[in-house]
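Reviewing the structure listed below.
In this chain, residues are counted from 1 in sequence order. Whatever order the structure lists them in is the order used to number ligands and atoms, beginning at 1. Quick caveat: nothing in here was measured; it's all calculated off a predicted structure.
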Amino acid sequence: MSDNTMTLRYRNSFLREVEENVEAGQWVRMCMQCGVCSGSCPLGPHWDHPPQEIFMMIRANKREEVLGSSSMWMCTSCYNCIARCPRELPITHIMHGLAHYASKLGLVPKNQQTQKFAQKFWDNLYKTGRVNELRLGLSLYFMNGFVNGIKTSLKMQKVGLGMLKTKRMNPFEFFSGHSCKDSKGLQAALKKAREIEEAKTAKFQNV
Ligand code: SF4
Ligand code: SF4
């Protein structure tokens with residue numbers, strides 16, 4: 001087989017890409033398309049593609065449709081599907097793995113709220129190793145723009161004042177907050193993990 005033919009075959013194999021890059025992706029080929037997961041998923045009927053369909057599309061090489069789908073971002077980790085799958089596929093993990101992989105490749109649909117939330121949470125956590133709840137809450141209020149942020153803040157002002165009164169919220173924590181013992185070490189470990197993942201992904205981005 002020539003190098004070109006081999007490259008072409010490699011390029012066309014989205015299943016292989018999933019197996020090598022997505023958490024629990026090696027399980028996708030075990031799916032027998034019985035549809036139990038989709039029938040058990042409380043939200044699946046409202047998605048573009050419930051899990052069984054996603055797995056079928058992966059095997060049909062529908063890379064853009066799968067990675068650009070919002071379906072896996074809607075998974076609430078209820079584990080209904082895992083509990084019922086006759087082949088015991090870790091469906092929830094695959095759904096989250098696909099979402100994570102799509103995010104790394106920059107293929108998430110625009111304005112995907114779950115992804116925005118996940119990014120805010122990660123940014124908040126990354127610097128100190130601990131979540132600053134006040135800062136996270138405010139950044140979520142303003143996640144969809146300044147005007148929306150003001151509207152949400154006004155809507156929530158009673159709750160905020162109540163929390164202040166009962167000392168459940170300390171406004172000074174916005175600037176201070178807690179951090180883990182070795183936040184620099186944590187950042188170095190995360191940076192290394194990212195470099196390893198990026199090197200692994202790069203070969204698929206360029207094909
Ligand atoms: S329940 Fe399991 S085997 Fe059946 S379609 Fe879903 S993932 Fe595939
Ligand atoms: S874990 Fe996710 S995919 Fe599975 S049934 Fe629940 S919402 Fe649906």
Side-chain angles (χ1 to χ4, degrees), residues 9-126 131 133 136-137 139-141 143-144 148 152 156 190 193-194 197-198 200-201 204-205 207:
R9 182 173 282 192
Y10 192 65
R11 188 177 289 166
N12 283 342
S13 179
F14 181 41
L15 175 61
R16 181 167 170 192
E17 182 177 347
V18 168
E19 287 174 340
E20 292 195 16
N21 290 279
V22 171
E23 184 187 352
Q26 69 279 11
W27 281 87
V28 172
R29 64 170 66 223
M30 297 300 290
C31 172
M32 62 181 185
Q33 289 292 301
C34 67
V36 168
C37 55
S38 299
S40 313
C41 179
L43 301 165
H46 306 286
W47 299 349
D48 292 342
H49 310 293
Q52 168 237 341
E53 216 170 283
I54 290 276
F55 301 155
M56 183 257 292
M57 288 161 71
I58 291 171
R59 290 182 353 196
N61 209 32
K62 297 199 177 287
R63 187 178 191 273
E64 279 69 36
E65 290 93 327
V66 171
L67 293 177
S69 165
S70 63
S71 300
M72 54 268 192
W73 291 97
M74 316 296 277
C75 172
T76 57
S77 307
C78 72
Y79 289 88
N80 254 356
C81 51
I82 288 192
R84 296 189 178 157
C85 173
R87 285 268 167 101
E88 300 184 351
L89 266 80
I91 302 162
T92 315
H93 307 282
I94 305 170
M95 294 299 272
H96 291 310
L98 283 167
H100 177 62
Y101 186 53
S103 172
K104 275 204 305 184
L105 297 179
L107 296 173
V108 182
K110 229 176 161 196
N111 279 328
Q112 218 301 321
Q113 297 295 302
T114 317
Q115 197 267 346
K116 276 190 180 182
F117 172 85
Q119 192 62 52
K120 293 277 174 210
F121 187 88
W122 177 254
D123 294 345
N124 189 291
L125 179 73
Y126 181 78
V131 171
E133 287 178 4
L136 177 65
S139 69
L140 295 178
Y141 284 6
M143 184 169 82
N144 291 315
N148 267 326
T152 314
M156 297 300 288
L190 291 172
R194 180 170 292 220
E197 277 204 6
E198 277 173 2
K200 216 170 115 189
T201 309
F204 289 99
Q205 277 182 292
V207 293

Self-check item: N, O or S from Cys85 under 2.8 Å to atom 8 (Fe) of ligand 1
Solution: no
Exercise. Mark yes or no for whether Ser71, through its side chain, and Trp47, through its backbone, hold a donor-acceptor pair below 3.5 Å.
Key: no
Quiz item: In terms of heavy-atom contacts, does CD of Gln33 have more than 12 from other residues, nucleotides or ligands at under 6.0 Å?
Solution: yes
Quiz item: Which one holds for Cys41 and ligand 2: side chain close, backbone close, both close, or neither close, with close meaning a heavy atom under 4.0 Å?
Solution: both
Self-check item: Contact atoms of ligand 2, heavy-atom distance to Asn80 under 4.0 Å
Solution: 5 (S)
Practice problem: Determine whether more than 12 heavy atoms belonging to other residues, nucleotides or ligands lie under 6.0 Å from atom CD of Gln113. | Solution: yes
Self-check item: Proximal atoms of ligand 2 relative to Thr92 (non-hydrogen, under 4.0 Å)
Solution: 1 (S)
Quiz item: What protein heavy atom sits nearest atom 1 (S) of ligand 1, and how far off is it?
Solution: Cys37 N, 3.3 Å
Exercise. Give a yes or no on this: more than 12 heavy atoms of other residues, nucleotides or ligands lie within 6.0 Å of atom OH of Tyr126.
Key: yes
Quiz item: Which bit of Pro86 gets closer than 4.0 Å to ligand 1, counting heavy atoms only: side chain, backbone, both or neither?
Solution: side chain
Quiz prompt | Side chain Arg63, main chain Glu17, donor-acceptor under 3.5 Å | solution = no
Quiz prompt | Shortest protein heavy-atom distance from atom 6 (Fe) of ligand 2, along with the residue and atom involved | solution = Cys78 SG, 2.3 Å
Quiz item: Numbering the atoms of ligand 1 from 1, which are under 4.0 Å from a heavy atom of Gln52?
Solution: 5 (S)
Quiz item: Can you tell if the side chain of Val28 reaches within under 4.5 Å of the side chain of Glu19, non-hydrogen atoms only?
Solution: no
Quiz item: Passes side-chain contact (heavy atoms from CB on, under 4.5 Å), Asn111 versus Lys116? Steps please.
Solution: CA-CA 7 Å; Asn111 279 328; Lys116 276 190 180 182; 3.2 Å; yes
Quiz item: Do any of the N, O or S atoms of Cys75 sit under 2.8 Å from atom 2 (Fe) of ligand 2?
Solution: yes
Quiz item: Nearest to atom 3 (S) of ligand 1, what protein heavy atom do you find, and at what distance?
Solution: Met32 N, 3.5 Å
Quiz item: Side chain or backbone of Gln33 under 4.0 Å from ligand 1, or both, or neither, by non-hydrogen atoms?
Solution: backbone
Exercise. Could you list the atoms of ligand 1 found under 4.0 angstrom from a heavy atom of Phe55?
Key: 7 (S)
Quiz item: Thr76 heavy atoms, cut-off 4.0 Å: which ligand 2 atoms fall inside?
Solution: 2 (Fe), 7 (S)
Self-check item: Crowding at CZ, Arg59 (>12 non-hydrogen neighbours, <6.0 Å)
Solution: yes
Quiz item: Should you measure from each heavy atom of Pro51, which atoms of ligand 2 turn up under 4.0 Å away?
Solution: 3 (S)
Quiz prompt | atom 4 (Fe) of ligand 1 - nearest protein heavy atom and its distance | solution = Cys34 SG, 2.3 Å
Quiz prompt | Gap between atom CD of Glu88 and atom CE of Met30 - 0.5 Å precision | solution = 10.0 Å
Quiz prompt | Which residue and heavy atom of the protein sit nearest atom 8 (Fe) of ligand 1, plus the separation | solution = Cys31 SG, 2.4 Å
Quiz item: Any side-chain heavy atom of Ser103 sitting closer than 4.5 Å to one from Gln115?
Solution: yes
